[in-house]
Amino acid sequence: MKAVEFLLYTLKPGTGKAFHKIMTEESAPLHRSAGMDIVSFGLSAHDDDAYYLIRAYDSLSHLESSQESFYNSDAWRLGPRQAIIDRISVSVKSVLTLSDSAIENLRSS
């Protein structure tokens, strides 16, 4: 079982495509280079200015330590951070405990 974080963003109007480009080209590769497991991310099927990011961690403490290290890094703070937060209007976070098979199903969908 792993801690799986679901982030749902309401983006500022008209910014979804630019947000996705930043996520794809800058933010997601940076997450992965820091050892974070991005299960899935992308634009919502219902709205071009709604976005999701799903990340998996070994435990809740692993989530907390990984994120503390990542979000305090120069690579994030001097990299895509400002472009990401400038486009987010609302951010909602939920964390669930899921099995490896459930995570793999999310990853492949």
Side-chain angles (χ1 to χ4, degrees):
M1 299 295 277
K2 292 187 175 183
V4 180
E5 174 190 54
F6 292 79
L7 292 164
L8 302 175
Y9 303 120
T10 301
L11 302 174
K12 294 177 182 171
T15 65
K17 289 184 185 355
F19 188 90
H20 185 62
K21 183 175 180 175
I22 295 163
M23 282 295 298
T24 302
E25 294 177 3
E26 298 179 56
S27 187
L30 189 60
H31 279 74
R32 289 182 173 124
S33 71
M36 293 177 130
D37 180 9
I38 295 180
V39 175
S40 186
F41 66 96
L43 292 165
S44 174
H46 83 290
D47 184 343
D48 284 343
D49 291 322
Y51 207 85
Y52 70 93
L53 171 61
I54 304 170
R55 301 183 286 198
Y57 300 89
D58 293 336
S59 63
L60 192 55
S61 62
H62 179 233
L63 179 155
E64 292 166 354
S65 64
S66 294
Q67 289 187 6
E68 181 177 341
S69 175
F70 178 77
Y71 290 120
N72 286 316
S73 72
D74 284 344
W76 171 252
R77 289 186 300 109
L78 303 175
R81 178 187 178 275
Q82 197 62 49
I84 292 283
I85 63 172
D86 283 350
R87 289 168 173 80
I88 297 172
S89 178
V90 176
S91 176
V92 177
K93 173 181 174 172
S94 290
V95 177
L96 305 173
T97 302
L98 296 176
S99 67
D100 288 340
S101 63
I103 294 167
E104 289 311 310
N105 285 337
L106 284 171
R107 193 182 310 278
S108 65
S109 61

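Numbers for residues simply follow the sequence, beginning at 1.
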**Q.** Pairs touching residues 80-109 that satisfy ring pair (Phe, Tyr, Trp, His ring centres under 6.0 Å), sequence neighbours left out
**A.** none

Q: Give a yes or no on whether I103 and L96 share a hydrophobic cluster (residues Ile, Leu, Val, Met, Phe, Trp, Tyr; joining criterion: side-chain heavy atoms under 4.5 Å apart).
A: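 Yes, I103 connects to L96 through the hydrophobic network.
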
Taking side chain to side chain contact (heavy atoms under 4.5 Å, CB included) as the definition, give me every residue that meets it alongside [X], ordered by chain and number, with sequence neighbours left out.
| X | value |
| --- | --- |
| L78 | D74 |
| A18 | R87 |
| D58 | K2, H62 |

Q. Just how far is it from atom OG of S99 to atom CG of N105, taken to the nearest 0.5 Å?
A.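 The CG atom of N105 is 8.0 Å from OG of S99, to the nearest 0.5 Å.
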
Q.
Quick check for you: to the nearest 0.5 Å, what is the distance between L8 atom CG and S94 atom OG?
A.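 The distance works out to 7.0 Å.
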
Is the backbone of [Y] close enough, under 3.5 Å, to the side chain of [X] for a donor and an acceptor to pair up by distance?
| X | Y | result |
| --- | --- | --- |
| H31 | S27 | yes |
| K12 | D86 | yes |
| D49 | T15 | yes |

Q. What are the two closest non-hydrogen atoms of A75 and P80, and how far apart are they?
A.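 Shortest heavy-atom contact: O-CD, 3.9 Å.
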
**Q.** Remaining members of the apolar cluster that contains Y9, side-chain heavy atoms under 4.5 Å
**A.** L7, L11, F19, I22, M23, L30, M36, I38, F41, L43, Y51, L53, Y57, L60, L63, F70, Y71, W76, I84, I88, V95

Q. What residue pairs, at least two apart or across chains, pass salt bridge (charged side-chain N to carboxylate O under 4.0 Å, His left out) with a residue in residues 97-109?
A.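 Checked against salt bridge (charged side-chain N to carboxylate O under 4.0 Å, His left out) - neighbours excluded - the pairs reaching residues 97-109 are D37-R107, E104-R107.
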
